2 protein chains.
Amino acid sequence: MFPKATLERLKLYHRLLSEESKEYVSSEEIGEKLNIPPEQVRKDLSYLEYKGKPKVGYHVKSLLEELNRLFGIDKKVKVIIIGAGNLGSALANYPGFANYNIEIVGIFDKDQEKIGKKVGDLVILSLDFLERVIKRFNVEIGVICVPKESAQEVADLLVKNGIKAIWNFAPTFIKVPNEVIVRNEDISLGLLTLKHMLEVKSSQAKEA
Amino acid sequence: MFPKATLERLKLYHRLLSEESKEYVSSEEIGEKLNIPPEQVRKDLSYLEYKGKPKVGYHVKSLLEELNRLFGIDKKVKVIIIGAGNLGSALANYPGFANYNIEIVGIFDKDQEKIGKKVGDLVILSLDFLERVIKRFNVEIGVICVPKESAQEVADLLVKNGIKAIWNFAPTFIKVPNEVIVRNEDISLGLLTLKHMLEVKSSQAKEA
DNA sequence: TAGATTGTTAATCGATTAACAATC
DNA sequence: TAGATTGTTAATCGATTAACAATC
């Protein structure tokens with residue numbers, strides 16, 4: 001129903017609207033800030049049930065509510081983080097989670113040095129407690145922040161314990177059964193984009 | 001010349017091939033691992049100058065070389081990181097940078113507590129040294145890892161000192177002059193995708 | 001009311017897929 | 001040579017853009 005490209009843009013609108021203080025915004029204003037033609041914004045928003053008001057614009061609060069419903073943000077979800085290195089710790093302290101109705105209920109590591117220490121309010125636990133925490137808190141999402149060598153192993157462990165979705169920050173392609181959702185957050189790809197943009201720019205400069 | 005979608009997939013091929021140990025791979029094998037139809041893989045690769053060999057496949061090394069050239073990975077680039085929190089530290093220690101011919105030559109923070117401490121091999125410096133480091137090492141890329149409240153301020157400072165590209169990890173839309181490249185690495189968007197996938201799945205389950 | 005802004009239809013553009021010819 | 005795999009053309013599909021009607 002929603003075109004793939006539209007969904008991607010709806011995510012941008014969501015973030016923009018989250019930071020918006022005005023009561024109404026026009027497609028013109030949204031497009032301006034995100035570098036998207038206003039016609040495109042209107043087309044995208046027309047897929048939603050909420051309709052804007054001619055001459056007034058879109059009611060920020062109502063629009064946000066519908067986007068929250070669409071993306072499932074209205075439902076609370078419990079999360080655990082595997083790997084208490086810099087990246088795992090960064091995510092554990094990430095202030096944005098609360099806005100998305102996500103609660104981090106545990107952080108794990110296999111390094112004896114780290115176990116028992118604290119990251120924010122959470123005590124780093126041994127992987128031996130993984131099963132218990134998942135069952136007890138009804139955890140649905142596992143975040144993998146371990147080196148890529150152990151990513152698959154951790155993924156298997158999460159799947160075995162009934163995790164529904166995996167957010168994988170290790171730069172490797174992990175294999176999971178079809179019914180488990182995997183989202184790869186690969187920083188390397190961002191790097192390629194950046195290097196490519198620099199490259200394009202410098203070769204354009206040479207031509208001129 | 002390259003369709004946008006093709007470029008995105010070429011990045012995936014790049015990573016896959018970097019991990020490939022065989023001498024030749026077929027479009028079938030690449031497609032299999034990335035869940036992309038082999039016709040699509042061939043079409044994408046046909047935009048490159050390097051041609052595969054019928055019956056044999058694509059020569060991994062040659063293909064990687066051409067992709068490296070395309071993305072600018074064959075050129076070394078110097079990078080600084082602003083913000084030595086968990087995320088900045090994670091990036092400073094990120095093992096992938098070396099593969100991309102990127103060298104981190106400095107990490108900065110404004111917190112007096114952190115200045116002078118080490119992150120990997122780097123000593124955390126005061127922002128007062130920013131200009132000197134950029135000039136001395138000919139730094140082209142700045143990575144923003146500060147809280148979103150100070151992201152714009154840091155961006156302005158980087159621009160003022162002649163940085164060509166900014167990799168922004170703060171979840172906010174920063175404004176820079178047209179000639180400066182910005183890449184937003186927004187973890188929030190990944191979260192939205194994940195929540196949406198969970199939501200779609202659970203509503204499908206209800207229907208069945 | 002007049003004017004601004006949304007919503008929608010049709011036309012254009014671009015990307016994917018299918019089929020098959022080329023080739024090692 | 002026969003067969004496997006690439007490369008390319010044409011057909012299909014989907015997304016964007018343009019134009020304008022609807023509406024507050």
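First the proteins, then the strands, lettered A, B, ... as listed; each starts at 1. Keep in mind the model is a prediction, meaning the values are calculated, not measured.
When both pairing distances are held under 3.5 Å, D:dC20 makes a Watson-Crick or G-U pair with C:dG7. In this structure C:dC13 sits in a base pair with D:dG14, meeting the Watson-Crick or G-U test at under 3.5 Å.
The phosphate of C:dA15 has neither OP1 nor OP2 within less than 4.0 Å of any side-chain N or O from B:R9. Proximity of B:Q40 to the phosphate of C:dT17: a side-chain N or O atom is located under 4.0 Å from OP1 or OP2.
Looking only at distances, no side-chain donor or acceptor of B:T6 sits under 3.5 Å from a matching main-chain atom of B:F2. Of the possible donor and acceptor atoms, none in the side chain of B:K114 sits under 3.5 Å from a partner among the backbone N and O of B:I124. Distance alone, capped at 3.5 Å, is enough to place a donor-acceptor pair between the B:N168 side chain and the B:T172 backbone.
For the pair A:I107 and A:A92, the tightest heavy-atom approach, listed with the atom from each and the gap, is CD1-CB, 4.2 Å.
Residues satisfying the ring pair (Phe, Tyr, Trp, His ring centres under 6.0 Å) criterion with B:Y24, sequence neighbours excluded, are B:H59.
Between the NZ atom of A:K4 and the P atom of D:dA15 there is a distance of 9 Å, rounded to whole Å. Protein atom CD of B:E8 is 16 Å distant from nucleotide atom P of D:dA15, rounded to whole Å. Separating the CD1 atom of B:I36 from the P atom of C:dA15 is a distance of 15 Å, rounded to the nearest angstrom.
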Once each nucleotide of nucleotides 3-9 of chain C is scored for protein heavy atoms under 4.0 Å, what B/S/- sequence comes out, 5' to 3'? B-BBB-B
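Heavy atoms of B:P38 sit nowhere under 4.0 angstrom from any nucleic acid atom.
Using a 4.0 Å cut-off between charged side-chain N and carboxylate O, B:R69 and B:E65 make no salt bridge.
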